[in-house]
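So the structure is just underneath, and the comments pick up after that.
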Amino acid sequence: MAVRKRSQRARGTSRKASARSRTRPAAKRKGAAPKKDRRKSERETLRLRATNPIFTVTDLERSIRFYTDVLGFVVSDRYHGSDGVLQGVMLKAGVCELGLSQDDWAKGRDRQRGVAVRVWCTTAQDIDALAQRIKARNYPLTQEPRDESFGGRSLTLDDPDGFHLSIYRPA
């Protein structure tokens, strides 16, 4: 049961007296350096709540099968074109999201994907068990589970379009 605190006046202390009895902040104390407010800076900084990478893929259905059947993502949203054809999906794993979009081939059918792109994923799951599950679905790892020099354990694999995924569990 929630208990409500009695107000200052109900306890017989005025607000002014209560405010006077508090200690002064560090910036107002004699000889103390003023403390910088961490919420403010000279320039506005970006404050994100999430990042949601979206990969353009050659075969949307194949990529959906990889991310759902091999890795265990779930499809959270589907996006259809005006002709009703599936054009993209948002996938969810835990609190993280990843988007897949069908290539429209406007930049050619032979362009490379995944070059120099690595998505670093952090999990609380057992990396060795995850590796076994991926291999049991006949999907190769590009790097077997290993201990990282900075602590923790990771595995690496590439999706069907060559996007590099590292899955890491902190120590």
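No hydrogens, no waters, no symmetry mates; every other heavy atom, side chains included, goes into these values.
At a threshold of 4.5 Å between non-hydrogen side-chain atoms, the residues Gln87 and Ser101 do not count as touching. His164 has its side chain out of reach of Gln143: every pair of non-hydrogen atoms, C-beta onward, lies at least 4.5 Å apart. Leu91 has its side chain within reach of Val75: a pair of non-hydrogen atoms, C-beta onward, lies under 4.5 Å apart. Asn138 is not listed as a side-chain neighbour of Val70, based on a closest heavy-atom distance of 4.5 Å or more. Proximity of Phe55 to Val119: side-chain heavy atoms (C-beta onward) are separated by under 4.5 Å at one or more points. Residues Phe150 and Tyr168 meet the side-chain proximity criterion, which asks for heavy atoms closer than 4.5 Å. Side-chain contact between Asp128 and Leu130 is absent, with no heavy atoms from C-beta onward closer than 4.5 Å. Counting heavy atoms from C-beta outward, Thr122 and Pro170 have side chains that approach closer than 4.5 Å.
Linking ILVMFWY residues whenever their side-chain heavy atoms come closer than 4.5 Å, directly or via other members, leaves Tyr79 and Ile54 in distinct clusters. Hydrophobic clustering (ILVMFWY, side-chain heavy atoms < 4.5 Å, transitive): Leu98 and Leu60 are in one cluster. Side-chain heavy atoms closer than 4.5 Å link hydrophobic residues (I, L, V, M, F, W, Y) into clusters, and following such links, even through other members, never connects Trp120 to Leu155. When the side chains of ILVMFWY residues are joined at heavy-atom separations under 4.5 Å, either directly or via intervening members, Tyr139 and Leu71 end up in a single hydrophobic cluster. Following chains of ILVMFWY side-chain contacts shorter than 4.5 Å, one can reach Ile134 starting from Leu165, so the two form part of one hydrophobic cluster.
Rounding to the nearest 0.5 Å places CZ of Arg109 at 15.5 Å from NZ of Lys107. With rounding to the nearest 0.5 angstrom, the CH2 atom of Trp105 is 8.0 Å from the CZ atom of Arg111. In this structure, CG in Leu100 is found 8.5 Å from CE in Met90, a value given to the nearest 0.5 Å. Separating the CG atom in Asp158 from the OG1 atom in Thr142 is a distance of 4.5 Å, to the nearest 0.5 Å.
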Q: Go through Ile64 and Asp69 one step at a time and tell me if the side-chain contact (heavy atoms from CB on, under 4.5 Å) criterion holds.
A: CA-CA 8 Å; Ile64 292 171; Asp69 297 346; over 6 Å; no

Q.
Determine whether Asp161 and Arg62 satisfy the following criterion, side-chain contact (heavy atoms from CB on, under 4.5 Å), listing intermediate values before the conclusion.
A. CA-CA 10 Å; Asp161 285 291; Arg62 177 184 69 177; 3.6 Å; yes

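Among all heavy-atom pairs drawn from Thr56 and Gln102, the shortest one is CG2-C, 4.5 Å. In plain terms, the two heavy atoms of Leu157 and Pro140 that are nearest each other are CB-O, 4.0 Å. For the residue pair Leu141 and Ala131, the shortest heavy atom distance occurs at CD1-CB, 3.7 Å.
Side chains of Ser166 and Arg118: a donor on one and an acceptor on the other come within 3.5 Å.
The residues Glu148 and Arg169 are annotated as not salt-bridged, no charged nitrogen and carboxylate oxygen being separated by less than 4.0 angstrom. Here Lys92 does not pair with Asp77 in a salt bridge; the nearest charged N to carboxylate O distance is not below 4.0 Å.
Taking the six-membered ring for Trp and the full ring otherwise, the centers of Phe163 and Tyr67 sit at least 6.0 Å from each other.
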